[in-house]
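We're numbering straight along the sequence, starting at 1. Remember, it's 1-based here, ligands and their atoms both numbered in the order they're listed.
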Amino acid sequence: MARLLITGGAGFIGSHTCLVLLEAGHELVVLDNYANSSPEALRRVAELAGPGAANHLHVIEGDIRQPGDLERAFTAGRAITASAQSANAAGIDAVIHFAGLKAVGESVAEPLRYWDVNVTGSRQLLAAMAANGCRTLVFSSSATLYGYPDTVPIPESAPVCPINPYGHSKAAVERMLADVAASEPGWRIASLRYFNPVGAHPSGRIGEDPNGIPNNLFPFISQVAVGRREQVQVFGGDWPTADGSGVRDYIHVMDLAEGHLAALEVLLAGEDQQLTLNLGSGQGHSVLEVIRAFEAACGQRIPYVITSRRSGDAASTVADPGHAKSLLSWQTSRTLQEMCRDGWAWQSANPDGYR
Ligand code: NAD
Ligand code: UD1
């Protein structure tokens, strides 16, 4: 059992990861300001984790940019009784840092907000970690760092060439983490570059609940299926791909959550280290394939229209997940059909998300 601080734990990926961590027997302190989530997600996580789980899930409403809120989270960690395996007598053993802003278009319109929350927020978190003697961190990075990749599948050694403020903010945090790790011994850090997380817990109780019109393909398709939107716009039918639509590496959010558990276990068991790992399946699917798979899952036709390309899109981004497989002994196991089945279980049972 470890005592973990989960920033942004009420969000899409955070909530699914909290469930996996509780089921693995860990004690969690979640710090979230609900800027893009609902407390209901964590209530349902506790419900899914079973009787008594709520005693192992400590929730603090607060902002990662506020030192006082971070201190409240570390104080809550110290109040949790340590187990024999717990490494850090001072409290929190490790942090998983999900909190941040992630909408590309919004980052172009409001860059300073992205630098503030993603970069300054991470800096405040690192300072609080150091002050509290906690130097083990799993960070939510993104495949968006690769911009327009030259090589597909993309290895971690591919150039970091972000093409929007969101991507630059993630690259800046990765840089900051490398500098901090080099500054003193004791840091154990994993930057996980996620490809395209989709789907939901198979119960349909927790899932992705975007504010407003979804920017991403999968929640958009789900909302068309449930009748909230009329049709999907397929951004480009003339890409150099098998069917002309864009190809991405979709990863089931439960596989991604299990990837965090694997990374955490490797960090906690090892010496000082810095890992930078792609988390993806290594398999690409086109927009039209995703639409067809979702139609099969929901048993109805998804109307779509092929429009012009979206600016900033690449034809194909697919992970080379080889390093994660060898270093974490982790790989994805869930198919596109399962992503659509579970995404539909969530969307059909919660047409308006957590509201
Ligand atoms: P999300 O928006 O659902 O979750 C982020 C959580 O952080 C939310 O609960 C939000 O309320 C919280 N938060 C935001 N600002 C905060 C602040 N200042 N203080 C405290 N909490 C704050 O997003 P997600 O999809 O779960 O993504 C989690 C992380 O993974 C993000 O850092 C994101 O950039 C990264 N990521 C996501 C994707 C994706 O496609 N979903 C891909 C790559 C990387
Ligand atoms: C987008 C972001 C990326 C971010 C990721 C997760 C852009 C250019 N990229 O990635 O930086 O890390 O989300 O938040 O915004 N598509 C449609 N119709 C839609 C939506 C998408 O055809 O309504 C297509 C896209 O062109 C793409 C695929 O579906 O080919 C996946 O798109 P999306 O879900 O937005 O993910 P990314 O573009 O990979």
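For residues 155-172, there are no salt bridge (charged side-chain N to carboxylate O under 4.0 Å, His left out) pairs, not counting sequence neighbours.
Ligand 1 has no N or O atom lying under 3.5 Å from any N or O atom of Ala99, backbone or side chain. The shortest N/O to N/O separation between Phe235 and ligand 2 falls below 3.5 Å. For ligand 2, the polar-atom distance check against Ser311 finds no nitrogen or oxygen pair separated by under 3.5 Å. Annotation: Ile64 places an N or O atom under 3.5 Å from an N or O atom of ligand 1; distance criterion only. No N or O atom of Asn164 sits closer than 3.5 Å to an N or O atom of ligand 2.
Using a 4.0 Å cut-off to heavy atoms of Val287, the atoms of ligand 2 that qualify are 22 (O), 24 (C), 28 (C), 29 (O), 30 (O). For ligand 1, the atoms closer than 4.0 angstrom to any heavy atom of Gly100 are 5 (C), 7 (O), 14 (C). Less than 4.0 angstrom separates some heavy atom of Tyr166 from each of these atoms of ligand 1: 33 (C), 34 (O), 35 (C), 36 (N), 43 (C), 44 (C). Against a heavy-atom cut-off of under 4.0 Å, Phe98 is close to the following atoms of ligand 1: 28 (C), 29 (C), 31 (C), 32 (O). If you number the atoms of ligand 1 from 1 as listed, the ones under 4.0 Å from a heavy atom of Val117 come out as 15 (N), 18 (N). Within the listing of ligand 2, atoms 36 (O), 37 (P), 39 (O) sit less than 4.0 angstrom from a heavy atom of Asn196. In summary, the atoms of ligand 2 found under 4.0 Å from a heavy atom of Gly312, numbered by their order in the structure, are 8 (C). Near Ser142, meaning under 4.0 Å from any of its heavy atoms, are these atoms of ligand 2: 12 (O). Each of the atoms 12 (O) of ligand 2 lies under 4.0 Å from some heavy atom of Tyr166. Residue Gly11 has at least one heavy-atom neighbour below 4.0 Å for each of these atoms of ligand 1: 3 (O), 4 (O), 8 (C), 9 (O), 26 (O). Residue contact check: Asn215 has heavy atoms under 4.0 Å from atoms 20 (C), 35 (O) of ligand 2. Taking every heavy atom of Asp313 and a limit of under 4.0 angstrom, the matching atoms of ligand 2 come to 8 (C), 25 (C), 26 (O), 38 (O). Listed by number with element, the atoms of ligand 1 under 4.0 Å from a non-hydrogen atom of Ser140 are 29 (C), 30 (O), 32 (O), 35 (C). Counting atoms of ligand 2 from 1 in the listed order, those under 4.0 Å from a heavy atom of Val234 are 22 (O).
For atom 11 (O) of ligand 2, the nearest protein heavy atom (residue, atom name, distance) is Thr144 OG1, 2.6 Å. In this structure, atom 18 (N) of ligand 2 lies nearest to the protein heavy atom Gln233 O, 2.6 Å. Residue, atom and distance of the protein heavy atom nearest to atom 34 (O) of ligand 2 are Leu217 N, 2.8 Å. The nearest protein atom to atom 18 (N) of ligand 1, hydrogens excluded, is given as Asp63 OD1, 3.0 Å; this is a heavy-atom distance. Residue, atom and distance of the protein heavy atom nearest to atom 38 (O) of ligand 2 are Arg310 NH2, 2.8 Å.
Between the Thr136 side chain and the Ala94 main chain, no donor and acceptor come within less than 3.5 Å of each other. Between the side chain of Gln300 and the backbone N or O of Ala225 there is at least one donor-acceptor pair closer than 3.5 Å. A donor-acceptor contact shorter than 3.5 Å is absent between the side chain of Arg193 and the backbone of Leu145.
Here atom 41 (N) of ligand 1 lies nearest to Lys102 when heavy atoms of Lys102, His97, Glu61 are compared. The residue among Ser142, Ala103, Ser107, Gly62 with a heavy atom at the shortest distance from atom 43 (C) of ligand 1 is Ser142. Scanning Asn36, Thr144, Asp32 for the heavy atom closest to atom 2 (O) of ligand 1 points to Asn36.
No more than 12 heavy atoms of other residues, nucleotides or ligands shown are found within 6.0 angstrom of NE2 on His323.
Of the charged side-chain nitrogens involved, none lies within less than 4.0 Å of a carboxylate oxygen, so that Arg248 and Glu289 do not count as a salt-bridged pair.
Hydrophobic clustering of Ile, Leu, Val, Met, Phe, Trp and Tyr side chains at less than 4.5 Å, counting indirect connections, unites Val138 with Leu21. Tracing side-chain contacts under 4.5 Å through hydrophobic residues (I, L, V, M, F, W, Y), one reaches Leu261 starting from Tyr194; they form part of the same cluster.
With rounding to the nearest 0.5 angstrom, the OG atom of Ser169 is 11.0 Å from the CD atom of Glu174. In this structure, CG in Asp313 is found 8.0 Å from CD1 in Ile163, a value given to the nearest 0.5 Å. Here the straight-line distance linking atom CZ of Phe195 with atom OG1 of Thr144 works out to 10.0 Å at 0.5 Å rounding.
Taking the six-membered ring where the residue is Trp, the centroids of Phe12 and Phe98 are separated by 6.0 Å or more. Between Phe218 and Trp344, a ring centre-to-centre spacing not shorter than 6.0 Å is recorded.
The backbone of Tyr34, and not its side chain, has at least one atom closer than 4.0 Å to an atom of ligand 1 (non-hydrogen atoms only; backbone = N, CA, C, O). In Glu208, neither the side chain nor the backbone holds a heavy atom less than 4.0 Å from any atom of ligand 1. Of all the heavy atoms of Ile13, the ones lying under 4.0 Å from any atom of ligand 1 are found in both the backbone and the side chain.
At least one side-chain heavy atom of Trp115 sits under 4.5 Å from a side-chain heavy atom of His168.
Each of Ile206, Val45, Asp255 was scored for a side chain to side chain contact (heavy atoms under 4.5 Å, CB included) with His16, with one residue passing: Ile206.
Ligand 1 lies within reach of Ser141, whose nearest heavy atom is under 4.0 Å from it.
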